[in-house]
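To find a chain, count down the sequence lines: A is the first, B the second, and so on, and within it residues start at 1.
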Number of protein chains: 2
Amino acid sequence: MARTDLRRAATRKRPRAASEDGLEAYRRLREGITAGRFQPNERLVEANLSKMLGAGRTAVRAALVRLDQEGLVTREHNRGARVRLVSEQEALQIEEVRAALERLLARQAAAKATAGDIRELRHVLVDMRRCFSNGDAIGYSELNPRFHQLIWAAARNPTAGRLVGTLKSQSLRYQYQTMLRPGRTERSLHEHELIFSAIVAHDPEAAEAAMRDHLEEVLETLRWAIGHKSRPPHWLPD
Amino acid sequence: MARTDLRRAATRKRPRAASEDGLEAYRRLREGITAGRFQPNERLVEANLSKMLGAGRTAVRAALVRLDQEGLVTREHNRGARVRLVSEQEALQIEEVRAALERLLARQAAAKATAGDIRELRHVLVDMRRCFSNGDAIGYSELNPRFHQLIWAAARNPTAGRLVGTLKSQSLRYQYQTMLRPGRTERSLHEHELIFSAIVAHDPEAAEAAMRDHLEEVLETLRWAIGHKSRPPHWLPD
DNA sequence: CCGGGTCGGATTGTCGACATTATTGGGGAT
DNA sequence: ATCCCCAATAATGTCGACAATCCGACCCGG
């Protein structure tokens with residue numbers, strides 16, 4: 001039996017242990033898009049990606065299908081795939097949907113949060129306070145999603161969690177616009193503290209209300225940023 | 001030029017005009033699953049589906065990837081795909097998420113509904129009244145989704161519309177349980193009328209509140225049905 | 001009787017080749 | 001010079017074959 005175990009270990013070690021189907025290619029490509037390493041509306045040529053990711057064209061194709069279903073790329077018949085460009089109006093719609101889901105998640109998080117969840121939330125929150133005190137705006141911006149993700153995890157609702165995650169990745173390109181309004185970070189911090197205390201108190205109603213106020217604020221900021229934009233962001237026809 | 005036009009028309013007419021990529025297979029398979037023609041947890045063998053749908057294995061595979069991303073099938077590495085079995089708890093979670101989204105959609109529908117939207121809604125509603133008067137419960141059940149779909153369309157929010165559609169298809173197996181509570185149809189009809197009048201009045205707050213009450217009712221019924229179930233539905237290990 | 005090992009069928013995962021299709025650039029007619 | 005048509009090219013869509021893997025049946029020693 002020792003021999004078979006060794007053989008299994010050997011075969012599973014590298015051939016394609018972590019890379020089931022085209023999942024590795026999918027993850028890498030997705031990461032590349034959300035990280036902004038591909039421009040919106042940029043063509044995604046299967047052969048290029050195949051070399052770039054070191055995966056077969058089949059895997060790349062599967063990844064593209066996934067990302068299409070997820071809304072991060074668009075595919076036209078016989079014309080290939082492009083990074084999907086979400087308009088500002090679409091981004092607003094998406095954020096509205098996300099807000100609706102996060103309200104639900106905040107409520108469920110308040111109902112189900114464990115002591116561990118609360119500890120982690122508190123930890124992120126003190127980090128946020130420190131960043132704010134130090135005037136570290138970008139550090140704060142990076143902590144922000146972590147805070148929300150912890151709430152999603154605390155809600156123990158994988159369905160809503162998945163959806164809100166994909167929505168976030170779609171509208172990610174516009175997130176920076178919400179932070180450059182003066183005094184926004186301070187109010188944001190305060191709102192997060194309100195959400196946190198509602199969760200600590202296990203008060204679903206208060207948690208939902210606090211999250212609603214918070215995201216209504218964010219939405220308002222986004223509407224303001226979009227409304228005051230002189231011209232739409234133009235992409236260069238490569 | 002006449003010749004080229006004819007040639008184009010000829011080539012586009014049948015070869016694969018409507019069946020871009022594996023979309024035809026995807027649609028048929030999806031329809032088959034949601035219609036209940038495949039049992040939950042049933043294995044979906046690619047070769048079988050290939051013959052059954054008259055599509056290549058490539059198309060079937062793409063369809064399965066899509067459905068996996070959509071949450072209707074599960075795929076395990078080297079073990080193939082199965083119709084995903086959603087547990088009752090999952091169905092509850094899904095319905096909660098759906099409720100959150102439908103609240104948003106009702107609000108937006110009230111804000112944006114056109115005269116045409118309202119006319120169609122009214123039409124469905126009178127049909128529902130007639131079915132209720134005639135004691136036609138199944139006719140009522142079939143009209144129900146149409147009513148909601150019209151609201152999704154009136155909201156003009158494709159993002160939320162898509163999401164709520166996929167969620168509905170996931171929890172579809174449990175929908176029948178909400179209707180067999182005595183007196184439910186009458187209350188349901190009343191709730192639908194409340195939603196309708198709020199939309200007619202273009203009152204987003206009222207529309208959201210009416211939809212919230214309606215779906216809270218539905219959720220309560222579902223919780224009741226699930227809670228009073230003696231044993232979980234057992235599927236036969238084929 | 002039973003547990004472990006082995007063999008075979010069945011099914012999936014991957015790759016390459018080929019047909020099909022959009023696009024681009026050039027050439028010719030007006 | 002301009003416009004239209006057409007060939008060359010690049011990319012996608014599809015298919016078949018092969019390797020890898022899993023599952024179940026069978027066999028055999030204890």
Protein-nucleotide distance ([X], atom [atom1]; [N], atom [atom2]), rounded to Å:
X	N	atom1	atom2	value
A:Glu24	C:dG13	CD	C1'	16 Å
B:Leu64	C:dT11	CG	C1'	13 Å
A:His77	D:dT12	NE2	P	13 Å
A:Glu46	D:dT14	CD	C1'	12 Å
A:Arg43	C:dT24	CZ	P	9 Å
B:Asn78	C:dT12	CG	C1'	6 Å
B:Asn48	C:dA10	CG	P	12 Å
B:Glu76	D:dT21	CD	P	17 Å

Please report, to 0.1 Å, the donor-acceptor pairs under 3.5 Å made by any side chain of residues 51-63 of chain A, with sequence neighbours excluded.
unit_1: A:Arg57; atom_1: NH1; unit_2: A:Glu46; atom_2: OE1; d: 2.7
unit_1: A:Arg61; atom_1: NH2; unit_2: A:Glu46; atom_2: OE2; d: 3.2

**Study point:** Residue list, side chain to side chain contact (heavy atoms under 4.5 Å, CB included) with A:Val65, at least two apart or on another chain
**Key:**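 So A:Val65 forms a side chain to side chain contact (heavy atoms under 4.5 Å, CB included) with A:Arg75, B:Val65, B:Arg66.
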Review point. Charged N to carboxylate O under 4.0 angstrom, B:Arg223 versus B:Glu216?
Key: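 Salt bridge flag = yes for B:Glu216 with B:Arg223.
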Point to revise | Under-4.0 Å side-chain N/O to phosphate OP1/OP2 contact, A:Arg75 with D:dG13 | key: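 So the side-chain polar atoms of A:Arg75 do come within 4.0 Å of the phosphate oxygens OP1 or OP2 of D:dG13, strictly under.
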Exercise for review: May I ask you to verify if any side-chain N or O of A:Arg79 is less than 4.0 angstrom from the OP1 or OP2 atom of C:dT23?
Suggested key: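 The answer is yes; a side-chain N or O of A:Arg79 sits under 4.0 Å from OP1 or OP2.
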Check your understanding: Which residues in residues 50-62 of chain B have at least one heavy atom lying under 4.0 Å from any atom of DNA chain C?
Key ->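 Here the set is B:Arg57, B:Arg61.
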Exercise for review: For residues 104-117 of chain B, pull every pair meeting side-chain hydrogen bond (donor to acceptor under 3.5 Å, both in side chains), keeping only residues two or more places apart or in separate chains.
Suggested key: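 For residues 104-117 of chain B, and leaving out neighbouring residues, the side-chain hydrogen bond (donor to acceptor under 3.5 Å, both in side chains) pairs sorted by first residue read A:Glu96-B:Gln108, B:Arg107-B:Glu205, B:Arg107-B:Glu208, B:Gln108-B:Asn157, B:Thr114-B:Asp117, B:Asp117-B:Arg156.
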Practice item. List for me each residue that meets salt bridge (Lys or Arg N to Asp or Glu O under 4.0 Å) alongside A:Arg28, sequence neighbours excluded, and say none if there are none. Key: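 Scan of A:Arg28 (salt bridge (Lys or Arg N to Asp or Glu O under 4.0 Å), adjacent residues dropped) gives none.
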Review point. Please, which pairs that meet salt bridge (charged side-chain N to carboxylate O under 4.0 Å, His left out) have at least one residue in residues 138-148 of chain A, sequence neighbours excluded?
Key: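 Sorted pair list comes back empty.
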